[in-house]
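For reference, the structure is listed below as structure tokens.
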Amino acid sequence: MSAAELARNLNVPTNRITEILHGQRAITGDTALRLGHFFGTAPEFWLNLQSMYELRLAQNRSGKSVNRLPKLKHRERIPA
């Protein structure tokens, strides 16, 4: 199926689909609803794919510097 055909089926502009496919646009809630309806999946599936993609990009860009940041130290709890 072409991007144009999918766009027609979802009733969205073709450039929305092509930009998503090229990583130039994120999947929005609206698009997730449409994709879920068309493919018979949950909209959350599509939003989770988007989140995973964004986390992977962030890890590649900033992961090393984030890992060098300090972590919150847990205090010992005082028994009641």
Side-chain angles (χ1 to χ4, degrees):
M1 170 181 306
S2 70
E5 185 178 353
L6 178 59
R8 279 192 299 277
N9 282 304
L10 299 181
N11 196 28
V12 298
T14 302
N15 69 326
R16 182 188 300 191
I17 301 302
T18 57
E19 288 173 2
I20 289 170
L21 291 173
H22 293 121
Q24 299 168 341
R25 179 187 286 227
I27 294 174
T28 63
D30 178 75
T31 304
L33 286 170
R34 293 168 188 270
L35 288 166
H37 177 79
F38 182 74
F39 287 110
T41 60
E44 294 85 0
F45 170 78
W46 300 98
L47 290 178
N48 286 337
L49 285 176
Q50 182 64 45
S51 293
M52 290 171 54
Y53 174 74
E54 290 174 9
L55 284 170
R56 184 171 293 148
L57 288 179
Q59 179 67 36
N60 289 338
R61 278 188 299 233
S62 308
K64 288 181 181 178
S65 62
V66 169
N67 288 336
R68 289 191 295 265
L69 295 173
K71 293 182 180 181
L72 177 65
K73 295 180 183 178
H74 296 285
R75 293 190 209 180
E76 285 188 36
R77 292 187 181 206
I78 301 172

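Positions are given from 1, in the same order as the sequence printed here.
- The distance from atom CG of L47 to atom CE of M52, rounded to the nearest 0.5 Å, is 13.0 Å.
- With hydrophobic clusters built from ILVMFWY side chains whose heavy atoms lie under 4.5 angstrom apart, L55 does not share a cluster with L49.
- By the neighbour-count criterion of 12 heavy atoms within 6.0 Å, atom CZ of R25 is densely surrounded, having more than that number from other residues, nucleotides or ligands.
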Would you mind writing out the side-chain donor-acceptor pairs for residues 61-71 within the sub-3.5 Å range, not counting sequence neighbours?
from : atom 1 : to  : atom 2 : distance (Å)
S65  : OG     : S62 : O      : 3.0
N67  : ND2    : G63 : O      : 3.3

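- Side-chain contact check for T31 and W46: no donor-acceptor pair (N or O, by modelled atom type) lies under 3.5 Å.
- No side-chain donor-acceptor contact under 3.5 Å links Q50 to the backbone of A26.
- Within the 4.5 Å cutoff, side-chain heavy atoms of I27 are placed close to those of I20.
- Applying the side chain to side chain contact (heavy atoms under 4.5 Å, CB included) rule to F38 yields the partners M1, L6, N9, L10; only residues at least two apart in sequence or on another chain are considered.
- L35 and F45 fall within the same hydrophobic cluster, where Ile, Leu, Val, Met, Phe, Trp and Tyr residues are linked whenever their side-chain heavy atoms come under 4.5 Å apart, directly or through other members.
- Among residues two or more places apart in sequence or in another chain, the side chain to side chain contact (heavy atoms under 4.5 Å, CB included) test is passed with A7 by V12, T14, I17.
- Atom-to-atom distance recorded for H22:NE2 and N15:CG is 12.0 Å, nearest 0.5 angstrom.
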